[in-house]
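Structure record follows, encoded as structure tokens.
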Amino acid sequence: MKKIILVTCLIISGFFYGNLSAQVKLNVNVNIGSQPVWGPVGYDYAEYYYLPDADAYYYVPNHQYIYLNGGRWVFASALPARYHYDPYRSYKVVVNEPRPYLHPDIYRNKYGKYKGNYNQQQIIRDSRDERYYVVKGHPMNGKGNQKKYYGDDNNGNKYKDKGHGNNGNGHGNNGNGNGHGNGNGNGHGHNKD
């Protein structure tokens with residue numbers, strides 16, 4: 001009887017652990033729309049940027065620079081002019097740790113080698129990856145459609161139309177598609193099912 005109870009407990013705990021694991025995997029942080037247009041591409045989530053050229057930080061959620069002034073950390077919407085900092089050209093290091101500015105020596109030592117590496121990163125503004133179109137200030141902001149549209153090619157065949165382009169009119173791969181995108185632009189049908 002004890003063995004049956006033990007096996008039952010193991011099965012139940014395995015079930016709950018499996019559900020918990022699935023929930024953890026689904027709870028993924030994404031803040032692409034909050035990142036600035038001068039931020040580096042390739043990051044679905046960025047909490048801070050360390051800015052080696054300024055020896056300062058940028059806090060993405062509040063859109064604030066963090067820099068030392070007179071031995072204390074200052075939070076501001078811009079760096080002082082004395083920094084001569086150009087975020088579009090300068091290298092940025094994504095740091096997803098709480099309050100990295102409280103450990104400045106770690107970041108200076110680890111990432112100081114990137115100081116002066118101008119134009120070495122692709123920035124969000126220059127990316128043509130659709131996921132960055134949600135970033136305010138991106139040249140393609142508000143254009144395209146990230147939702148999938150299922151249309152019909154007038155022959156009863158279904159196709160996926162992602163509605164990319166400039167007028168929101170989708171076209172099936174067979175030339176007879178009537179899909180409609182939701183963005184500004186001529187959509188193109190994909191993947192005939």
List the atom of [X], the atom of [Y], and the distance in Å for their closest heavy-atom pair.
| X | Y | result |
| --- | --- | --- |
| Val93 | Pro52 | CG2-CG, 4.4 Å |
| Arg125 | Pro139 | O-CD, 3.3 Å |
| Lys110 | Lys113 | O-CE, 3.8 Å |

Flag yes if [X] and [Y] sit in one hydrophobic cluster, no otherwise; membership is Ile, Leu, Val, Met, Phe, Trp, Tyr, and two members link when side-chain heavy atoms are under 4.5 Å apart.
| X | Y | result |
| --- | --- | --- |
| Val41 | Ile32 | yes |
| Val94 | Tyr57 | no |
| Val37 | Tyr65 | yes |
| Leu68 | Val95 | yes |
| Ile66 | Leu79 | no |

Any side-chain heavy-atom pair of [X] and [Y] under 4.5 Å:
| X | Y | answer |
| --- | --- | --- |
| Tyr88 | Ile123 | yes |
| Ser77 | His63 | no |
| Pro36 | Ile124 | no |
| Tyr58 | Gln64 | no |

Would you give me the side-chain donor-acceptor pairs under 3.5 Å for residues 96-103, sequence neighbours excluded?
| unit_1 | atom_1 | unit_2 | atom_2 | d |
| --- | --- | --- | --- | --- |
| Asn96 | OD1 | Glu47 | N | 2.7 |
| Asn96 | ND2 | Tyr45 | O | 3.4 |
| Glu97 | OE1 | Tyr107 | OH | 2.8 |

| message | Can you tell whether the side chains of Arg131 and Asp44 come within less than 4.0 Å, N to carboxylate O? | response | yes

Determine, using ring centers only, whether [Y] and [X] are less than 6.0 Å apart.
| X | Y | value |
| --- | --- | --- |
| Trp38 | Tyr49 | yes |
| Tyr59 | Tyr48 | yes |
| His138 | Tyr132 | no |

Donor-acceptor pair, distance only, cut-off 3.5 Å: does the side chain of [X] make one with the backbone of [Y]?
| X | Y | result |
| --- | --- | --- |
| Asp53 | Gly116 | yes |
| Asn141 | Gly137 | no |
| Gln120 | Tyr118 | yes |
| Gln121 | Lys92 | yes |
| Gln35 | Tyr43 | yes |

(message) Applying salt bridge (charged side-chain N to carboxylate O under 4.0 Å, His left out), can you list everything that pairs with Asp126, at least two apart in sequence or on another chain?
(response)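 Asp126 satisfies salt bridge (charged side-chain N to carboxylate O under 4.0 Å, His left out) with no other residue.
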
Residue set satisfying salt bridge (charged side-chain N to carboxylate O under 4.0 Å, His left out) with Asp86, at least two apart, ordered chain then number -> none

Distance, nearest 0.5 Å, that separates OG of Ser127 from CE of Met140: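 Reported to 0.5 Å precision, the distance equals 11.0 Å.
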
Sorted by chain and number, sequence neighbours left out, side chain to side chain contact (heavy atoms under 4.5 Å, CB included) with Asn69 holds for Tyr67, Val74, Arg82

- Query: Taking only residues two or more places apart in sequence, or in another chain, which ones meet Tyr114 in a ring pair (Phe, Tyr, Trp, His ring centres under 6.0 Å)?
  - Reply: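 Expected list: Tyr91.
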
Ring pair (Phe, Tyr, Trp, His ring centres under 6.0 Å) filter on Tyr85, not counting sequence neighbours, yields none

